[in-house]
Asks: 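After the structure tokens below, expect a handful of questions from me.
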2 protein chains.
Amino acid sequence: MQKQNFLTKNQQIVLDLVEKSSEPLKAYTILFNVQKKGIKAPLQVYRALDKLVEIGKIHKIESRNAFIACHNSSCQVAKATAFSICEICEKVTEISSAGLSKYLANFKDKDGMKYSKYNLEFFGLCKKCR
Amino acid sequence: MQKQNFLTKNQQIVLDLVEKSSEPLKAYTILFNVQKKGIKAPLQVYRALDKLVEIGKIHKIESRNAFIACHNSSCQVAKATAFSICEICEKVTEISSAGLSKYLANFKDKDGMKYSKYNLEFFGLCKKCR
DNA sequence: AATTAATTGTTATAATATAACATTATGTAA
DNA sequence: TTACATAATGTTATATTATAACAATTAATT
Ligand SMILES: [Zn+2]
Ligand SMILES: [Zn+2]
Ligand SMILES: [Zn+2]
Ligand SMILES: [Zn+2]
């Protein structure tokens, strides 16, 4: 069997919900909202989320245990992500900055080691909350 | 009452353990290891961890739900952290790069917004695992 | 059709984290 | 030094997040 090239039913249901949302969704919030579509158990949600993260359709906001659809067309790598997070209203925005991604992709640590995968979360106050 | 300037007993016990460890520790691993010192409940550990993170003595590795002592003398801000994480052996290293921290501290998003707080986690393979 | 791999469904449970409230310790100020 | 306010603690219970294990089904490959 070759690598799946499309979304399965559960994956599509979860993705539709996450894409419709203006804010990051938590796994159990997703579960609650897709129960009418026949997804009954946490594991069904987590499996769909795992795959969607793997193929870069969504990202996990690690500091919030929540998931957001990718809104960065240049985010092909899917493994190099950057977000800003408002500490008051919890608004999360995916940052797409060619400069930033270039800088981080080329960053070398003390041992000269490069890392193609990274996750960066900026914290501060959004426009509305300042 | 003024802001506490020293560590309380529980905070010191937890910090001692985290500082002795060569790898990030999870909250319940910490709990298990400090029970002989009289800390009996998860909440006691989480409260100590919260304070230690707040004052910058330790950092949370968000993608791993684990805590590591600060090994970055220039990490005064305590809110601007960067780590490399080996995806095989899970070795975590705090990155102290003046260039990186300067770049990120000065980074502006599309709206010209700056963020003084951030957490960056790089993923890859450490020397030993390559 | 037989084989293989991926996905699904299901139940149970593990791992991570916080709520709520009573108590004790400690700093501040009259 | 006594009253007050604040911070930390102890304790029990519970909430939240995530995975183990296994049987059943679906779909591509030969
Ligand atoms: Zn993206
Ligand atoms: Zn905001
Ligand atoms: Zn540090
Ligand atoms: Zn390694």
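Chain identifiers are assigned alphabetically (A, B, ...) following the order of the sequence lines, protein sequences preceding nucleic acid strands; residue numbering begins at 1 within each chain. Nothing here was measured: the structure is a model prediction, and the numbers come from that model.
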Asks: Please report how far the helix from C:dA1-D:dT30 to C:dA30-D:dT1 bends, comparing the axis fitted to its first five pairs with the axis fitted to its last five, to the nearest 10 degrees.
Replies: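 For the helix from C:dA1-D:dT30 to C:dA30-D:dT1, the axes at opposite ends meet at about 40°.
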Asks: Measure NZ/A:K9 against C1'/D:dA27 and give the value in whole Å, please.
Replies: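 About 15 Å, once rounded to whole Å.
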Asks: Rounded off to whole Å, could you give me the NZ-to-C1' distance for the B:K37 and D:dT9 pair?
Replies: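 Going from B:K37 (NZ) to D:dT9 (C1'), I get 18 Å.
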Asks: Could you name each residue pair satisfying side chain to side chain donor-acceptor pair (under 3.5 Å) that touches residues 13-24 of chain A, not counting sequence neighbours?
Replies: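 Qualifying pairs, neighbours excluded: A:Q12-A:D16.
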Asks: In this structure, how many angstroms lie between the P atom of C:dA15 and the CG atom of B:L25, rounded?
Replies: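 The answer, rounded to whole Å, is 16 Å.
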Asks: Could you state the NZ-C1' distance from A:K40 to C:dT8, rounded to the nearest angstrom?
Replies: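 About 12 Å, once rounded to whole Å.
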Asks: So, OP1 or OP2 of C:dT8: does either fall under 4.0 Å of a side-chain N or O from A:T8?
Replies: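 So the side-chain polar atoms of A:T8 do come within 4.0 Å of the phosphate oxygens OP1 or OP2 of C:dT8, strictly under.
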Asks: Can you tell me how far apart NZ (A:K108) and OH (A:Y115) are? Round to the nearest 0.5 Å.
Replies: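 If we round to the nearest 0.5 Å, A:K108:NZ and A:Y115:OH are 12.5 Å apart.
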Asks: Are the aromatic ring centres of A:F107 and B:F122 under 6.0 angstrom apart?
Replies: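 Ring-ring flag for A:F107/B:F122: true, centres closer than 6.0 Å.
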Asks: Which residues in residues 12-23 of chain A have at least one heavy atom lying under 4.0 Å from any atom of DNA chain D?
Replies: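 Contacting residues: none.
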Asks: Please find the pair of heavy atoms, one from B:A66 and one from B:P24, that lie closest to each other, and give the distance.
Replies: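 Closest pair (atom of B:A66, atom of B:P24, distance): CB-CB, 3.6 Å.
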Asks: For C:dT7, does either OP1 or OP2 sit under 4.0 Å from a side-chain N or O belonging to A:K51?
Replies: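 Answer is yes, contact under 4.0 Å.
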Asks: So do the side chains of B:I85 and B:F123 get within less than 4.5 Å of each other, counting heavy atoms only?
Replies: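 Of all side-chain heavy-atom pairs linking B:F123 with B:I85, at least one is under 4.5 Å.
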Asks: Nearest-Å distance, CG (A:L7) to P (C:dT8)?
Replies: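 Nearest whole value for this atom pair: 10 Å.
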Asks: Could you give the CD1-to-P distance, from B:I39 to D:dT9, as a whole number of Å?
Replies: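 One finds 8 Å between P of D:dT9 and CD1 of B:I39, rounded.
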Asks: B:C89 and B:C86: which non-hydrogen atoms are nearest, and at how many Å?
Replies: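 Taking every non-hydrogen atom into account, N-SG, 3.4 Å.
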Asks: Tell me which donor-acceptor pairs under 3.5 Å the side chains of residues 37-46 of chain A have, and how far apart each pair is, sequence neighbours excluded?
Replies:
| unit_1 | atom_1 | unit_2 | atom_2 | d |
| --- | --- | --- | --- | --- |
| A:Q44 | OE1 | A:K40 | N | 2.8 |
| A:Q44 | OE1 | A:A41 | N | 2.9 |

Asks: Take atom CZ of A:F6 and atom P of D:dT26, then tell me their distance rounded to the nearest Å.
Replies: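 For the pair A:F6 CZ and D:dT26 P, the rounded distance is 14 Å.
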Asks: Applying side-chain contact (heavy atoms from CB on, under 4.5 Å) to B:L120 and B:L100, what does each step give before you reach the verdict?
Replies: CA-CA 10 Å; B:L120 171 59; B:L100 177 63; 4.0 Å; yes
Asks: Could you run down nucleotides 15-21 of chain D 5' to 3' and tag each one B, S or - for protein heavy-atom contact under 4.0 Å?
Replies: --BBBBB
Asks: Could you measure the distance from the CZ atom of B:F83 to the CD1 atom of B:I68? Nearest 0.5 Å is fine.
Replies: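 That separation rounds to 6.5 Å.
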Asks: Between P on C:dA14 and CG on B:L31, what's the gap in Å once rounded to a whole number?
Replies: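 B:L31 atom CG is separated from C:dA14 atom P by 16 Å.
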Asks: Only pairs at least two apart or in different chains count here, so list each salt bridge (Lys or Arg N to Asp or Glu O under 4.0 Å) that has a residue in residues 83-92 of chain B.
Replies: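 Qualifying pairs: A:K117-B:E87, B:R64-B:E90.
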Asks: Is any side-chain heavy atom of B:L7 less than 4.5 Å from a side-chain heavy atom of B:L15?
Replies: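 The answer is yes, as the side chains (C-beta and beyond) meet within the 4.5 Å cut-off.
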Asks: If you compare every side-chain N and O of B:Q44 against the phosphate oxygens of D:dG10 (OP1, OP2), does one of them come in below 4.0 Å?
Replies: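 Yes, because at least one side-chain N or O of B:Q44 sits under 4.0 Å from OP1 or OP2 of D:dG10.
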